[in-house]
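Working notes, structure below.
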Amino acid sequence: MKKILAFSGSNNPKSINQQLLLAAINKIDEHNNVHLIQLSEYTAPIYSLVIEEKGIPKPIKELFQLFTEADGFMIASPEHNGLPSSFFKNIIDWLSRIDQRFFGDKPVVLMSTSPGVTGGASHLQVLEKLFPRWGGNICGMYSLGDFNNKFDIDNSSIQDPSENTKLDKAITTLMQ
């Protein structure tokens with residue numbers, strides 16, 4: 001049994017990336033342990049050397065501990081102007097001050113969605129290049145474009161069968 005840490009890189013309580021993450025979690029059988037967290041509960045000021053001199057914020061230390069206990073990660077990251085959200089980037093900045101390779105050379109599935117046709121795919125390419133620096137082994141990526149027409153919020157599921165197959169494939173790589 002693997003312990004998967006799952007979270008969205010969004011601090012928006014109505015995040016469509018959170019909805020995608022929940023749909024992905026629902027696809028994992030109950031024999032695997034998925035620990036869903038809200039990154040917004042691990043608050044930290046905008047990273048700076050001056051602030052770091054006062055010490056790493058306690059919530060970031062707690063989050064780092066969760067990272068060390070996980071066997072893998074499932075992350076849904078929103079795209080802001082072709083890049084990860086500043087909220088997610090700030091969390092990454094703080095975690096990397098504890099250990100540059102804070103993902104611990106463990107498998108990661110990266111996901112994204114947006115109302116646009118690319119579904120945030122361009123920033124996933126940026127993250128794909130950066131995650132190895134942080135010790136993340138990308139084993140799968142998935143982006144869902146046209147969220148408003150392809151996702152059923154009431155049932156927390158993707159409506160398009162071909163999209164479901166793509167997401168299943170990404171998740172399967174994490175569970176192996």
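- Taking the side chain as every heavy atom from C-beta outward, C139 and V109 approach each other to under 4.5 Å.
- The backbone N or O of P161 sits less than 3.5 Å from a side-chain atom of T165, completing a donor-acceptor pair.
- With hydrogens and angles disregarded, a donor-acceptor distance shorter than 3.5 Å links the side chain of S85 to the backbone of G9.
- Here the side chain of S96 pairs a donor or acceptor atom with the backbone of D93 at under 3.5 angstrom.
- Taking both residues in full, the closest heavy atoms of A6 and I25 are given as CB-CD1, 3.8 Å, listed atom of the first, atom of the second, then distance.
- One finds the CD atom of Q159 at 10.5 Å from the NZ atom of K150 (value rounded to the nearest 0.5 Å).
- To the nearest 0.5 Å, atoms OG (S40) and CZ (F87) are separated by 5.5 Å.
- Within the 3.5 Å criterion, the main-chain N or O of M141 finds no donor-acceptor partner in the side chain of K166.
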- Item | CA sep, side-chain torsions, deciding dist, call: D99, L95, side chain to side chain contact (heavy atoms under 4.5 Å, CB included) | CA-CA 7 Å; D99 182 345; L95 288 170; over 6 Å; no
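- The backbone N or O of L167 sits nowhere less than 3.5 Å from a side-chain atom of K27 that would complete a donor-acceptor pair.
- With hydrophobic clusters built from ILVMFWY side chains whose heavy atoms lie under 4.5 angstrom apart, L124 does not share a cluster with L144.
- Between A70 and K106, the closest heavy-atom pair is O-NZ, 2.6 Å.
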- Message: V108 vs N137, test: side chain to side chain contact (heavy atoms under 4.5 Å, CB included). Steps then yes/no.
- Response: CA-CA 6 Å; V108 177; N137 294 325; 6.0 Å; no
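- At least one side-chain heavy atom of M74 sits less than 4.5 Å from a side-chain heavy atom of L174.
- In this structure, the side chains of K58 and T43 stay at 4.5 Å or more apart for every pair of heavy atoms.
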- Message: What verdict does the side chain to side chain contact (heavy atoms under 4.5 Å, CB included) test give for L39 and N11, after you've listed the backbone C-alpha separation in whole Å, the side-chain angles of each residue and the deciding distance to 0.1 Å?
- Response: CA-CA 7 Å; L39 277 188; N11 59 352; over 6 Å; no
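- Residues M175 and L22 share a hydrophobic cluster, clusters being chains of Ile/Leu/Val/Met/Phe/Trp/Tyr side chains in contact below 4.5 Å.
- Note that CD1 of I28 is 10.5 Å distant from NZ of K2, once rounded to the nearest 0.5 Å.
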- Item | I158/L20 under side chain to side chain contact (heavy atoms under 4.5 Å, CB included): CA gap, chis, key distance, verdict | CA-CA 8 Å; I158 298 170; L20 176 62; 4.0 Å; yes
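- Here the side chain of S112 pairs a donor or acceptor atom with the backbone of G119 at under 3.5 angstrom.
- Using modelled atom types and a 3.5 Å distance limit, the side chains of S162 and D160 yield a donor-acceptor pair.
- The two residues A23 and S156 come nearest to each other via the heavy atoms CB-O, 3.3 Å.
- The closest donor-acceptor contact from the side chain of N155 to the backbone of S157 lies at 3.5 Å or more, if one exists at all.
- Pairs of residues two or more places apart, or lying in two chains, never qualify as side chain to side chain donor-acceptor pair (under 3.5 Å) while including a residue from residues 124-135.
- Applying the ring pair (Phe, Tyr, Trp, His ring centres under 6.0 Å) test to residues at least two apart or on different chains, the pairs with a partner in residues 43-65 are Y47-W94.
- With hydrogens and angles ignored, the 3.5 Å screen pairs no side-chain donor or acceptor of N148 with any backbone N or O of P115.
- Residue N33 holds its CG atom at 6.0 Å from NZ of K3, rounded to the nearest 0.5 Å.
- Between the side chain of H123 and the backbone N or O of S77, at least one donor-acceptor pair lies under 3.5 Å.
- Contact between H80 and S86 at its shortest, heavy atoms only, is ND1-N, 4.3 Å.
- By the criterion of side-chain heavy atoms lying less than 4.5 angstrom apart, applied directly or through intervening Ile, Leu, Val, Met, Phe, Trp or Tyr residues, I153 is grouped together with L36 in one hydrophobic cluster.
- For K169 (side chain) and Y142 (main-chain N/O), no donor-acceptor pair under 3.5 Å exists by modelled atom type.
- Take S122 and apply the side-chain hydrogen bond (donor to acceptor under 3.5 Å, both in side chains) test, not counting sequence neighbours, and it matches E79.
- Under a hydrophobic clustering in which Ile, Leu, Val, Met, Phe, Trp and Tyr are joined whenever their side-chain heavy atoms come within less than 4.5 Å, directly or via other members, V50 and I56 fall into different clusters.
- Summarising the geometry of S143 relative to T118, their closest heavy-atom pair is OG-O, 3.5 Å, with the distance given to 0.1 Å.
- Among the candidates E69, K61, E62, the single residue satisfying the side-chain contact (heavy atoms from CB on, under 4.5 Å) test with Q65 is E69.
- Proximity of D146 to T113: side-chain heavy atoms (C-beta onward) are nowhere separated by under 4.5 Å.
- Taking the side chain as every heavy atom from C-beta outward, Y42 and I37 approach each other to under 4.5 Å.
- With hydrophobic clusters built from ILVMFWY side chains whose heavy atoms lie under 4.5 angstrom apart, M111 does not share a cluster with I92.
- In the displayed structure, N81 atom CG is contacted under 6.0 Å by at most 12 heavy atoms of other residues, nucleotides or ligands.
- Relative orientation of the F73 and F7 rings is perpendicular, given thresholds of 30° and 60° on the angle between their planes.
- How far CD1 of I16 is from CG of L21: 13.0 Å, rounded to the nearest 0.5 Å.
- Residues P84 and L127 share a closest heavy-atom pair of CG-CD2, 3.5 Å.
- Taken to the nearest 0.5 Å, the CG atom of N17 stands 11.5 Å off from the CD1 atom of I75.
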